[in-house]
Amino acid sequence: MNKITKQSFAIQFMGQHRPKQAVLFSILLRRTAANPSRKLEDMDMIEFRNVSKRYANGTVGLNNVNLKINEGEMVVIVGLSGAGKSTLLRTINKLHDTTSGEILIGGKSVTAARGRELRLIRRGIGMIFQSFNLVKRSTVLRNVLSGRVGYHSTLRTVFGLFPRHDIELALDALSRVNIREKAFSRADQLSGGQQQRVSIARALAQEAKIILADEPVASLDPLTTRQVMDDLKRINQELSITTIVNLHHIDLAREYATRIIGMRAGEIVFDGRPEEATDEAFAHIYGRSIFEAELLGAES
Amino acid sequence: MNSPAAPTPTPTPTPNQAPRPLPVPPGRYKRYAAWMVGIVLFVICCYQVEVTPIKLMNGIPEMGKLIGEMFPPDWSYFPTIWEPMIQTVQIAIMGTTLGAILAIPVALLCANNIVTAKAVTIPVRIILNLVRTIPDLLFASIFVAVFGIGPFAGMLALMFFSFGLIAKLTFEAIEAIDPGPIEAMTAVGANKIKIIAFGVVPQILPYFVSYLLYTFEVNVRAASVLGLVGAGGIGLLLDRSLGLFRYDRACIIILLTLAIVLVIDYASNVVRRKLL
């Protein structure tokens, strides 16, 4: 983290003078900052330190959340709508700002990151949405390749000039979710489950070390739900990508998670292994008095 | 949906107390009053600008005479008007293209979902509205005064006109796009330009092309009257024919314009259908 800030400081500093060597040097520095192999190794752990989030309308999104998620975990977050699940997920890649506290990924502060530094952090985090968020009129391959834009210059990506390696990476990602043959179909010609798998492939093409899935199966039927969850689980195990999933379904949470986190009113009220998430525990997550929920939170 | 922390207002089942009163229907007098105001306004307008049915009646025989003079059209005039007609279409093509290119960045700067800073969108929108207030013929007159008589002034006039029209339609299309891909592109670490290229452009491209073709159609029609103020094209001949009371010649010009507009209309419909 220190190294990065120093580098960006150096870049800014040299930008003011602009002798030729300094410019060249700054380009070299940018290269190292952009080098993924060095950085991804540190991105093993996600840590929330006293994170709170209050929306402009006064709604509390997160209330003093403290949380550590280790590399390779498959965390399922459960809770009612409005409990803060989405907020929690979106603060990790700073799609939502926090009001106070700090979030660290591999010891590097996300909350303090801005501009280029933030974009580099986001590049290492894949995100899967309830509504897939694909460009429906573009081909599947182009949608997957859009996960690669963080690795290349603006000019190159705008003209769609992806290197061969990227295209192979994208096709591999599609193979991993079993829809390689759809690469040149338009995204809107695919079924919902297939579209969601395209967005998983996009996260894979990103070479992400963390995948955030915000209710990835909420708009799918039971059968495709299983397929998508199987894909996520397999990727989590085979590539040891830290995966955090928001879910509504209790049975899915128990089946797929290595760790379940229950949220209520912006607070973590349950945190434990799936075996520990009994029916009573879920009853507490989903309601009853705050007192009981707090007790449970302290217990785990 | 994505709204993260909206507290779900649990619908507390209100116990059935007294039978709930029916909602009060809106009074019909309001509606009558609205109609009355509309009719009165219309009548006042007619009275003030002296639009009366009598005038229309008096004009109808005159109209018949004029149409009679238009036929048969003067087919021998055709070779003379062919070249200016082509020039008219060329003016329209250039004006539309340049205007469309100018419109892209401006449309992006106007859109609230691309540029969140009101300090940018509002001034740009004001400038855009200013451009749109000025009619194409006024533009043409101004540019004729500046650059002299000829098609260059006409091209510039159409460029500004197209710019205003396309920018306005496109920015409204941009504001109506699905925000999902923008969010997804933000999440993969794309900068603003990459977000636009991958999240916005594919979504608005068919609309943009559709507006471009529509503007082109409008421009061909507009270009045929630009000649009235000396800005090139077929309008000059139209003006001359009307001035000499050669309605048979005016007729052939109108027919040719109609034919060309129909062809363009058909072609752009085909392209549009392919795109959407």
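Just the heavy atoms: all of them, side chains too, but no hydrogens, waters or symmetry mates, feed the values below. Throughout, a chain's letter reflects where its sequence line sits, starting with A, and its residues are numbered from 1.
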Value for CD1 (B/I195) from OG (A/S146), rounded to nearest 0.5 Å, stands at 11.5 Å

Of the listed A/L118, A/V158, A/L145, A/T154, the one with the largest count of heavy-atom pairs under 4.5 Å with chain B is A/T154

Of all heavy-atom pairs linking B/A187 and A/F129, the shortest is CB-CZ, 4.3 Å

By side chain to side chain donor-acceptor pair (under 3.5 Å), A/T111 pairs with (sequence neighbours left out) A/S109

If one checks every heavy atom of A/T91 against chain B at 4.5 Å, the contacting part turns out to be neither

Turns out that what part of A/K53 lies under 4.5 Å from chain B's heavy atoms comes down to neither

Has A/R137 got a side-chain atom pairing as donor or acceptor with B/P202's backbone, closer than 3.5 angstrom? yes

Heavy atoms of A/V135 and B/Q203 approach each other most closely as CG1-CG, 4.4 Å

The side chain to side chain donor-acceptor pair (under 3.5 Å) partners of B/E83 (sequence neighbours excluded) come to none

Is atom CG of B/L205 surrounded by more than 12 heavy atoms (other residues, nucleotides or ligands) closer than 6.0 Å?
yes

The interface call for B/D178 against chain A, heavy-atom contacts under 4.5 Å, is side chain

Before giving the answer on side-chain contact (heavy atoms from CB on, under 4.5 Å), spell out for B/F198 and A/T157 the whole-Å C-alpha distance, their side-chain angles and the decisive distance to 0.1 Å. CA-CA 9 Å; B/F198 281 82; A/T157 49; 4.0 Å; yes

So, the part of A/R202 with a heavy atom under 4.5 Å from chain B: the answer is side chain

Okay, A/L95 and chain B: the region with an atom under 4.5 Å from a heavy atom over there is side chain

Checked B/P181, B/A197, B/A190 vs chain A; the most non-hydrogen pairs under 4.5 Å come from B/P181

Note: B/K194 and A/V149 closest approach over all heavy atoms is NZ-O, 2.9 Å

